[in-house]
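Report on the structure given below.
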Amino acid sequence: MCIDVERLGSSIRKTEQKIKELEHRAKKTKGWAAWKRRFGSKASMGSRLQLGVVLFEEMGFEPVKNKDGKIQVDEKQLERIDSDLARLFVNIEKLKKLKTTYLEGISREVVDGLLHPFFNLHLVETYRSSSDSPNFQNIPIRDAKMGKIIRSCFVPRPGHALVEIDYGALEFRVCACFWRDDSMVAYASDPSLDIHRDMAAELYCVPRDGVTKEMRFYAKNSFVFATLYGSYYKSTSRSLWQAMESSSMVDADGRSVKKILSRKSIDKHNYPDHVQRVEEKLQARFPQWTKRKEEWWSKYLRTGRFRMLTGFELEGVYSRNNLMNTPIQGPAFHILLWSLIRMVKWCAKRRTKIVGQIHDSIVADVHLSELDEYLAVAKQVMTKDVRDHWSWIVTPLEIEAEVAHDNWFNKKVIEV
DNA sequence: CACTGGAGCCAC
DNA sequence: AAACGTGGCTCCAGTG
């Protein structure tokens, strides 16, 4: 893929400058004076361990320990501490990550303006793919500021556009196909149904139309997927409560979710009991999943092996959670891979090239004269042909396409 | 100096 | 029975 090398270079210089400024400011804080007192010539601003000692032993802040009893000095804990030094440390570390892993990591691998990441098919336990040198599959996007700085350096060739097509809810659809749970298949097939919205309503005690994007986000990632892949209420309730509290979550009408729960006599203490009841509702809603996952596990215990929907036979030592996740994560990727291979073949006699892949999405550098045809063929291959190839895909498949004429950050949704 | 594990953080 | 999953990369801190 093409890289805007000049822009990359200037972003590196700007980020370096910003880091220097923040480090200069950090050295003027009271905390840094305490740091120097404690560590003398060994004081190093890059050391989390030292920062933890300064904050929790010298400055008297209350430490928080993780499950293994270790004091955490991560972003989450540092943000709750009222100290200029802690705030500056978080910002400096973010910028360092941006500079070293992404900007410089990419720059190092560019040859004649082109980047050639590796895409491995032989490394991942679940038979997904991985990527390295650089890893094309973890370029920032959720933090829009970081995403802009890095993704704007990825550009199409002249006369081309970058086109990214991703599957909608691919893993949940494969989950439904694998467990063949009628209700799960219905959820994965009917666009008016939304399991994450429904569970958010239960978890936060609001009507379904009171569910916000934020509530849905946490219900999806901290509860529904976590539970499908083997977590349970004692774990999920903790992260749900934490997210709700630290974001001061409100419902669609701006009312405090914590207050809504407390009116139902739900507090931090008994929230796990509430989540346990919601978990039971999830099991009741997907009864075949509930039954078949136990049969799936006990069959593995008897035989020591299991088979994926895509035909791979796996044997050896797997945890219970591996048994829940592997048969879904692997075949979900194989749907993408099958489609990608078809699209690469389609590109053979054309100017368009497939340049990358991110588990459920395909990135291509498409010649403008081939754009309409590319989108139409991709839709046919990704939503129809692959379903004809594998009869176990019993749900519809959907795609979303985005096109970028200038750079990858500025991709815009396009109807297909 | 080479190497390694832990902690942390980025993606899906 | 056991407690979401899969990766890659960087820095620190420790070892020999």
Side-chain angles (χ1 to χ4, degrees), chain A residues 42 44-53 66-68 70-78 89-90 92-106 108-109 117-143 146-147 149-151 164 166-172 174-175 220-240 272 275-276 279 282 293-294 296-298 300-301 318-333 336 356-361:
Chain A
K42 286 210 160 63
S44 162
M45 202 177 283
S47 170
R48 248 170 228 280
L49 208 69
Q50 290 184 10
L51 176 65
V53 171
N66 67 9
K67 256 199 283 180
D68 308 326
K70 285 190 177 157
I71 293 175
Q72 289 185 294
V73 195
D74 57 11
E75 189 181 332
K76 201 176 173 63
Q77 296 311 324
L78 292 174
F89 183 88
V90 169
I92 290 167
E93 285 300 303
K94 267 208 165 23
L95 289 172
K96 279 190 189 166
K97 170 101 178 162
L98 171 69
K99 175 174 174 279
T100 57
T101 300
Y102 295 109
L103 297 173
E104 290 179 341
I106 290 164
R108 188 166 58 228
E109 297 291 340
F118 288 83
F119 292 94
N120 312 296
L121 294 176
H122 62 301
L123 297 179
V124 178
E125 288 232 39
T126 60
Y127 293 20
R128 241 193 188 185
S129 66
S130 69
S131 170
D132 67 78
S133 311
N135 181 355
F136 182 66
Q137 296 176 323
N138 72 344
I139 311 286
I141 187 166
R142 280 193 52 200
D143 181 329
M146 261 172 85
I149 292 169
I150 301 154
R151 288 182 177 237
E164 183 167 0
D166 67 309
Y167 277 111
L170 183 62
E171 264 192 32
F172 184 69
V174 172
C175 188
K220 173 185 174 185
N221 294 308
S222 296
F223 179 73
V224 177
F225 274 121
T227 307
L228 289 174
Y229 292 149
S231 189
Y232 77 137
Y233 67 94
K234 280 191 185 172
S235 299
T236 53
S237 64
R238 192 183 307 154
S239 60
L240 284 165
V275 176
Q276 186 179 17
E279 190 180 298
L282 185 69
K293 66 181 176 153
E294 301 313 319
W296 172 250
W297 173 238
S298 70
Y300 164 73
L301 290 180
Y318 291 87
S319 72
R320 182 184 160 90
N321 289 346
N322 289 149
L323 257 287
M324 301 302 153
N325 176 270
T326 302
I328 294 163
Q329 199 181 87
F333 171 65
L336 188 282
Q357 160 271 125
I358 315 174
H359 309 303
D360 67 352
S361 81

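Computed over heavy atoms, backbone and side chain alike; hydrogens, waters and symmetry mates excluded. Throughout, a chain's letter reflects where its sequence line sits, starting with A, and its residues are numbered from 1.
Judged by distance alone, with hydrogens and angles left aside, A:Q329 brings a side-chain donor or acceptor within reach of the base of C:dG5, the pair sitting under 3.5 Å. Remark: the A:K97 side chain and the B:dC9 base include a donor-acceptor N/O pair separated by less than 3.5 Å. No hydrogens or angles were tested; on distance alone, nothing pairs the side chain of A:R48 with the base of C:dC11 as donor and acceptor under 3.5 Å.
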message: Could you go through A:E294 and A:R320, starting from their C-alpha distance and side-chain angles, then the distance that decides it, and tell me whether this counts as salt bridge (Lys or Arg N to Asp or Glu O under 4.0 Å)?
response: CA-CA 10 Å; A:E294 301 313 319; A:R320 182 184 160 90; 3.1 Å; yes

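Both geometric conditions, a ring-centre gap below 5.5 Å and a plane tilt below 30°, are not fulfilled together for A:Y229 over the base of C:dG5.
We find that CD of A:Q77 is positioned 14 Å from C1' of B:dA7, with the value rounded to whole Å. Atom CD in A:E279 sits about 11 Å away from atom P in C:dC4, given to the nearest Å. Rounded to a whole Å, the CD1 atom of A:I71 is 12 Å from the P atom of B:dA7. Between the C1' atom of B:dC10 and the CD1 atom of A:I141 lies a distance of 12 Å, rounded to the nearest Å. Going from atom CH2 of A:W296 over to atom P of C:dA2 covers 19 Å, rounded to whole Å. Distance A:W297 CH2 to C:dA3 P: 10 Å, rounded to the nearest Å. To the nearest angstrom, C1' of C:dT10 lies 16 Å from CD1 of A:I92. What separates CG of A:N325 from P of C:dA2 is a distance of 18 Å, to the nearest Å.
Using a 4.0 Å heavy-atom cutoff across all strands shown, A:I328 reaches no nucleic acid atom at all. A:E93 comes within 4.0 angstrom of no nucleic acid atom, judged by non-hydrogen atoms across all strands. Within 4.0 Å (heavy atoms only), A:N322 reaches sugar-phosphate atoms of the nucleic acid but no base atom. Within the nucleic acid shown, A:L228 has no heavy atom closer than 4.0 Å to any nucleic acid atom. Backbone-only contact: A:L49 has heavy atoms under 4.0 Å from sugar-phosphate atoms and none from a base. When heavy atoms are screened at a 4.0 angstrom cut-off, A:S133 is found touching the sugar-phosphate backbone but no base atom. Heavy atoms of A:E294 sit under 4.0 angstrom from at least one base atom. When heavy atoms are screened at a 4.0 angstrom cut-off, A:S222 is found touching no nucleic acid atom at all.
Comparing A:F225 and A:G105, the nucleotide of DNA chain C nearest to each residue sits closer to the 5' end for A:F225.
Counting only heavy atoms from C-beta outward, the side chains of A:W296 and A:P327 approach each other to under 4.5 Å. You'll find the side chain of A:E93 reaches within 4.5 Å of the side chain of A:R48, heavy atoms only.
In this model, the phosphate group of C:dC9 is not approached by any side-chain N or O of A:T101 to a distance below 4.0 Å at OP1 or OP2. Checking the phosphate oxygens (OP1, OP2) of B:dA11, no side-chain nitrogen or oxygen of A:R151 falls inside 4.0 Å. Within the 4.0 Å cut-off from OP1 or OP2 of B:dA11, not a single side-chain nitrogen or oxygen of A:S131 is found. Phosphate contact (OP1/OP2 of C:dC4, side-chain N/O of A:S235, threshold under 4.0 Å): present. OP1 or OP2 of C:dC9 has not a single side-chain nitrogen or oxygen of A:N135 nearer than 4.0 Å. For A:S130, a side-chain nitrogen or oxygen approaches OP1 or OP2 of C:dG8 to under 4.0 Å.
Side-chain polar atoms of A:E109 and A:S133 form no donor-acceptor pair below 3.5 angstrom.
A:F89 approaches A:M45 most closely through the heavy-atom pair CE1-O, 3.2 Å.
Taking the side chain of A:V124 as heavy atoms from C-beta on, and the options C:dT6, C:dT10, C:dA1, the nearest nucleotide is C:dT6. The A:P140 side chain lies nearest to B:dC10 when the options are C:dC4, B:dC10, C:dC11. Considering only the side chain of A:D132, C:dC9 comes nearest among C:dC4, C:dC9, B:dC10. The A:N120 side chain lies nearest to C:dG8 when the options are C:dA13, C:dA3, C:dG8. Side chain of A:T100, nearest nucleotide from C:dC12, C:dC4, C:dC11: C:dC11.
Separation of atoms CG (A:L51) and CG (A:L78) is listed at 5.5 Å; rounding is to 0.5 Å.
Each of A:S239, A:S231, A:S237 was checked for a side chain to side chain contact (heavy atoms under 4.5 Å, CB included) with A:S235, and the lone residue meeting it is A:S231.
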